[in-house]
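For the numbers below, each heavy atom of this structure counts, side chains included, while hydrogens, waters and symmetry mates do not. Here is how names work: the chains are called A, B, and so on, in the same order as the sequence lines, proteins then strands, and each is numbered from 1.
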Amino acid sequence: MKKKSLATVISQKEIAPGIFDMWLKTDIAQDAGAGQFIGVFSPDKSTILPRPISICEVNKAEGALRLVYRIAGKGTAEFSKSVAGDTLEVLGVLGNGYNLEALQGKTVMLMGGGIGIPPMLELAKELFAQNEKLAAEGKDCCKSEIIIVVGYRDSQTFLKEDLEKYGRVVIASEDGSVGTKGNVMNAVAEEDLKADAICSCGPMPMLRAIKKYAEENSIPAYISLEEHMACGVGACLGCVVKTKEIDHHSHVNNARICTDGPVFLADDVEI
Amino acid sequence: MNTEINIAGVTFKNPVTVGSGTFGSGMEYSEFVDLNRLGAVTTKGVANIPWPGNPTPRVTEVYGGMLNAIGLQNPGIDVFCERDLKFLEDYDTKVIVNVCGKSVQDYVDVVERLSDEKRVDLLEINVSCPNVKEGAIAFGQKADALFGITSELKKHAKQPIIMKLSPNVTDITEMARAAEAAGADALSLINTLTGMKIDINRRTFALANKTGGMSGPAIKPIAVRMVYQTAQAVKIPIIGMGGIATAEDAIEFILAGATGVSVGAANFVDPYATIKVIEGIEEYMKKYNVENITDLIGAVH
C-alpha cells in the first residue's frame, strides 16, 4: 500500500562531494525492496513535487530506509540539509524492484554507475540473504554467485566497503585512480568477467552499453531507469520509456517508469 | 448543511472533482483516497484511437508549479470503455469523461461511442491542450472554430457537454459566449498556460516539446480572474480550476462564480488533496453558517 507519510531523519552525512547518505525512520520500510524508490518532498515549499530517490538499504527490524543520493537541483539540495530528528514527507514505496527468484542459481553481475550504485547495495544484500536461506534449506545449487561491478568518477568510492560484505567487488573509475580506467564495461573486459544475468542502474549511455552486451551474450539484463516524474504513482504519464511491444496498460509503445518499472528487462525497452 | 451542486441536470454530492490528466481514471489514486467521496472523477483525455504522446522529458518543475507536455497519451476509447469505465462502475461518484481529438470527426467518434455508456454522466471536451500539434487548442483559440465544434458535438452527444477553455486567448469571455451560444451545457476553465523552461547548464529546453502547459499554485490568480469574468458573461455553470490545492483556494473559485472545482497538479504534491479540500469546504460552511454551498456561488461582492 502506497502512502504519503512523515519520516524522521535518523542520520545524514556527506560521504563524497555532493553525495549524501541518509537513514530515515519510516514504517514504509516494511514494504520496501531492492530496486524500488520513494518520493521525498522538500521541506521548503518552493519545490512542490516529490523527488524520486532509489532505496540503498532497507532495515525492516528498525523500520528504516537508507537513501544515498546526489544533489541534482534545488529539491535534493534542500533536504540534504536535514539533520537527525528532522522530519521529511515521503511517498512510497514506489515502483517494482528486481526479481530475486529469477536470479537463483545464476552468476549475477550487479552493475552500478555513479549515483546508480546505491540500489545495488540492497540488491546485493537481498541476494546474499537469499543464498544463505537456500543454503540453510540444503539447496546450495540454487545459490547465486554475486559479482559487483561499480563505476566511479574518481577515487571517491562511496559504498565500496558496504558492497564488499556481499560479493566480489570490481571497480572502474573514469580518471583511472582506482581499478580499471574507464567505465564498468571496460572493467568487465579487463577482468574477463562472465555472468548469466545482469542487474544494473546508472547513466543512460552505460545502460545502453549493457543492453547491447546482454543481447550479444544472450543473457537477461534487468536495468533500472530514471526520468523526470510528477505523480510517481502512474497517473500523470510524465515518465515513460519506449517499449518494444505495445504496453499492456498504455496500449501504445510506452511503459510508465514509476509503476511498470523502474526495473525493466533491457530487451523490452528502447533506450 | 448541503454540499450538493448541479451541473447541467447532474447532481454532484459535492463540488470537488479533479483536473483531467492529473488523476488517470482514478485507479492509481484509489490507493490513497476513497473515490466515493468525490463529487466527480474527471478522466484523462481519451481519443478515438490510442495516442503515444510526446517524447520525454514531459514534465519539469518551475517556481510555483510545473510544466507538462504529455501530449495526451491515451489508450483509445475502446480500452477506456472496457477497462476504465468498468473500474468506475464500482464507485458512487459522477464521471466526467474528457474527450480529445485531432479533427472534428475524431471528437464525434468518441462522443458517439460514449453515448450508450451508462457510467458517463458528462463529457468534457478538450479544446485547450497546448501540447499537441493538431486538434485540441486549435479549436479553442478562435471563437468561430469553438462555436463550430461545440454545435457539431451537441448534435451527437447524449450526455451534457462541458467545453474546457484555454487561458491562452485574448478574451476568455468571447470564447465562453461562443461556446454557450453553440449550446454548451457547462464550461471548465482554465486549462494550463503555455510556458517554457530552459536548462541553462545544458543550454537545452527542459521539455522535449520545448513548450509545456503550466499548472500549480502560481496560476491560481489568473484562473480566479478568468472564472469571475466568465461568470459575468454567461449563464451556464462553470467548473473552476487552476492551482487549487486547498479548500481556501476552492472557495475562492466558488465565490468567483464556479459551481464545481477541480484539484489538478496538487494531487501530485499531496495524493490526499481532494479529500482535504472537501473536508475544508465543509468546515468553512460550518464556520460561516452556510446552509447550501450553492449560496456561495458567485457570492463575491
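More than 12 heavy-atom neighbours from other residues, nucleotides or ligands sit within 6.0 angstrom of CZ on A:Arg208. Counting heavy atoms of neighbouring residues, nucleotides and ligands inside a 6.0 Å radius, atom CD of A:Gln30 exceeds 12 of them. Around the NZ atom of A:Lys60, the shell of radius 6.0 Å holds more than 12 heavy atoms that belong to other residues, nucleotides or ligands. Other residues, nucleotides and ligands place more than 12 heavy atoms under 6.0 Å from the CD atom of A:Glu78.
No side-chain heavy atom of A:His228 sits under 4.5 Å from any side-chain heavy atom of B:Met66. Taking 4.5 Å as the limit, every side-chain heavy atom of B:Phe268 sits out of range of all side-chain heavy atoms of A:Met229. The closest side-chain heavy-atom distance from B:Gln73 to A:Asn254 is below 4.5 Å. With contacts defined as side-chain heavy-atom distances shorter than 4.5 Å, the pair A:Leu91/B:Pro271 qualifies. Contact of the A:Val252 side chain with the B:Trp51 side chain is not registered, since no non-hydrogen atoms from C-beta on lie closer than 4.5 Å.
Interface check for chain A: of the options B:Met27, B:Lys44, B:Arg83, the most heavy-atom pairs under 4.5 Å are formed by B:Arg83. When the candidates A:Glu89, A:Lys74, A:Lys4, A:Glu227 are compared by the number of heavy-atom contacts under 4.5 Å with chain B, A:Lys4 comes out ahead. The candidate from A:Val241, A:Thr259, A:Asn253, A:Leu49 with the greatest count of non-hydrogen atom pairs under 4.5 Å with chain B is A:Leu49.
The contact between B:Asn74 and chain A is made entirely by backbone atoms, counting heavy-atom distances below 4.5 Å. Looking at B:Pro217, only its side chain comes within 4.5 Å of chain A, counting heavy atoms on both sides. Contacts of A:Lys242 with chain B are absent, with no heavy-atom separation under 4.5 Å from either backbone or side chain. The contact between B:Val269 and chain A is made by backbone and side chain atoms together, counting heavy-atom distances below 4.5 Å.
Residues A:His249 and B:Glu28 come closest through the heavy atom pair NE2-OE2, 3.9 Å.
Considering CG of B:Asn267 and SG of A:Cys231, their distance stands at 9.5 Å, rounded to 0.5 Å. Interatomic distance, A:His251 NE2 to B:Phe80 CZ, rounded to the nearest 0.5 Å: 13.0 Å.
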